[in-house]
Amino acid sequence: MTVTTRGTLPSYLTEGRAVFPEGFVWGAATASYQIEGAARDDGRGVSIWDRFSHTPGKVAGGHTGDVACDHYHRYADDVRMMTDLGLAAYRFSVSWPRVQPDGAGPINPRGLDFYDRLVDELGTAGITPYVTLYHWDLPQALEDRGGWTSRDTAYRLAEYAQAVHARLGDRVRHWTTLNEPWVAAFLGYGTGVHAPGRTDAASALQASHHFLLAHGLATQALRSAGVDEVMLVINSSPVLTPAQVADPAAEISEADAEAVNRVDALLNRQILDPVLRGRYPDEVLKIVERHGGLDHIHDGDLREINQRLDLIGVNYYNPCAVRSGPGEPANPAFPGTEDVEFATLDVPATAMGWPIHPAGLSQLLVRLSQDYPEVGLMVTENGAAFDDAVTKAEGGDRVHDADRTAYLNSHLRAVHAAIEAGADLRGYLVWSLLDNFEWAEGYHRRFGIVHVDFATQRRVLKDSARFYRDVIKENGFA
Ligand code: FCB
């Protein structure tokens, strides 16, 4: 199926020359549990995603990350592929249970050895590593002691951050504390769709606060070890009514505006305001108060959280569409959203069912740059899952992923438009380098610009990878 989004988009998203600023960082992103495999090698401990994926009924097809892309053993070939694509940067995450099997206590040097080899390989290839310390694979031993509902976990993350930095800090300059704390808290502890699979609004809100505390403490640990650049990666979306998706200038009712504001507070400002302003939005505090209370927010926490930050990493896939919906129950991912309707949009969607709306990325980047001018921005994930087919061709197999190529094309143009409009954007990292373990969706959802045959581990560059390679080479669309 080929979805064409052309014709429904403003022409700046589809046509003409677009050159990016000099030094704009082009790269790709992955995450440890999604690609590494080698789940029992070299002393690696068990993470909440091992436990969750091995629990029947939790992941589509009963898939697990046991083998994934076997990147743990094939990293050198994968780095060669990155070179072939012309990537300047590679964002990967470190598996906490590989480095510290129980999340506390002894460090496992053999786990760190892997990242040591990877960083050296990248160095030889001239590719800059962007290291994410936490992309969701919490050691199960910490979950058994309360996981992110426990304050202690935040302190453990800072200690682990120190250990990783001690080994890699001589070669890694770009550090990210957390990937998408909102998703980890609200899908992990609220809807239960992600590990550890808990379903309690109060727990999700507590987890969210402890993630922010962990970010603040880990940032302090990194700074005292001499780190210059710290980034926090968030899943951010513009919150819009369906009418505003169709026409950004659409007038909306007061009730719709209230729904938009409440969801924006939960999705975006719940994370950004404590981190960058040292305070929670009032709307969020009211909701937390009604769900288990405020006792877990200790005096002084917001000072710990509000540390100097260099970059916000923005993971963008789709807008969040809401409107007033009297009588609607709260969405379990958004405690406190009674009387809000989460709307479906009448636009083309990806295989995840996520609506395609590139203009939302421009709006988001411009808004973040205006509201939080003190930090730079980087798109740390953007991409799409589609059902790909491998076709035999002379000179090797091909994957004609026209949908993904169109998605990337329009979103890169949206990124360019945001820069023109003044957003302080430093780079773009595609999600993802490889088809991989897409969490609760298992291997059925392919986000890679490189196709992976999971039976043979063969990699094939998709057409979207060839397209991306050209964009990188031209630093835009010539
Ligand atoms: C993001 C995750 C990433 C990937 C994409 C599709 O929320 O950070 O690991 O699964 O979604």
Side-chain angles (χ1 to χ4, degrees), residues 27-37 47-49 52-53 58-61 63-65 68-69 71 90-96 130-138 176-191 193-195 204 208 211 215 231-237 267-268 271 312-320 333-334 349-357 360-361 364 378-388 401 403-404 407-408 411 428-450 452 464:
T30 64
S32 48
Y33 191 70
Q34 295 182 274
I35 65 164
E36 285 178 0
S47 81
I48 55 174
W49 270 98
F52 190 76
S53 65
K58 297 296 188 193
V59 173
H63 296 168
T64 74
C69 307
H71 173 75
Y90 175 50
R91 170 179 179 241
F92 63 92
S93 77
V94 174
S95 158
W96 188 348
Y130 280 71
V131 171
T132 301
L133 288 162
Y134 187 82
H135 199 129
W136 305 353
D137 38 5
L138 183 73
T176 294
T177 53
L178 306 173
N179 177 71
E180 299 189 354
W182 184 91
V183 170
F186 291 93
L187 303 196
Y189 293 82
T191 67
V193 170
H194 281 188
S208 180
F211 272 117
H215 161 75
M231 169 155 73
L232 171 68
V233 169
I234 62 171
N235 54 295
S236 193
S237 290
L267 180 63
N268 294 313
I271 311 294
I312 286 288
V314 176
N315 294 352
Y316 174 80
Y317 292 93
N318 50 258
C320 177
F334 294 88
T350 69
M352 296 290 279
W354 295 350
I356 301 172
H357 187 56
L361 179 53
L364 175 67
M378 182 142 182
V379 173
T380 36
E381 289 182 23
N382 174 241
F386 289 106
D387 298 330
D388 299 318
D401 57 339
D403 316 59
R404 187 174 295 96
Y407 182 100
L408 294 182
H411 284 75
Y428 175 95
L429 311 177
V430 70
W431 184 271
S432 182
L433 179 69
L434 302 166
D435 290 338
N436 60 45
F437 175 80
E438 177 44 37
W439 309 114
E441 303 293 335
Y443 296 100
H444 292 310
R445 295 287 173 256
R446 293 177 175 274
F447 275 90
I449 56 171
V450 175
V452 177
S464 56

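We count ligands from 1, going down the list as the structure has it; atoms in each ligand are counted the same way.
- Separation of the Phe186 and Phe334 ring centroids does not fall under the 6.0 Å cut-off.
- Each of the atoms 8 (O) of ligand 1 lies under 4.0 Å from some heavy atom of Asn179.
- Expressed to the nearest 0.5 Å, how far OG1 of Thr350 lies from CZ of Arg445 amounts to 8.5 Å.
- In this structure, atom 10 (O) of ligand 1 lies nearest to the protein heavy atom Glu438 OE1, 2.6 Å.
- Under the 4.0 angstrom criterion for non-hydrogen atoms, Asn235 is not in contact with ligand 1.
- Considering both main-chain and side-chain atoms, Trp439 comes within under 3.5 Å of ligand 1 through a nitrogen or oxygen pair.
- Counting heavy atoms closer than 4.0 Å to ligand 1, residue Val183 contributes nothing at all.
- Those atoms of ligand 1 with a heavy atom of Phe447 less than 4.0 angstrom away are 6 (C).
- Remark: ligand 1 and Trp431 share no N or O pair separated by less than 3.5 Å (distance only, no angle test).
- A salt bridge does not link Arg446 to Asp401: none of the charged nitrogens lies less than 4.0 Å from a carboxylate oxygen.
- A salt bridge links Glu381 with Arg91; the closest basic N to acidic carboxylate O contact falls under 4.0 Å.
- Ligand 1 lies within reach of His135, whose nearest heavy atom is under 4.0 Å from it.
- Residues passing the side-chain hydrogen bond (donor to acceptor under 3.5 Å, both in side chains) test with Asn318, sequence neighbours excluded: none.
- For Trp354, no nitrogen or oxygen atom sits less than 3.5 Å from a nitrogen or oxygen atom of ligand 1, counting backbone and side chain alike.
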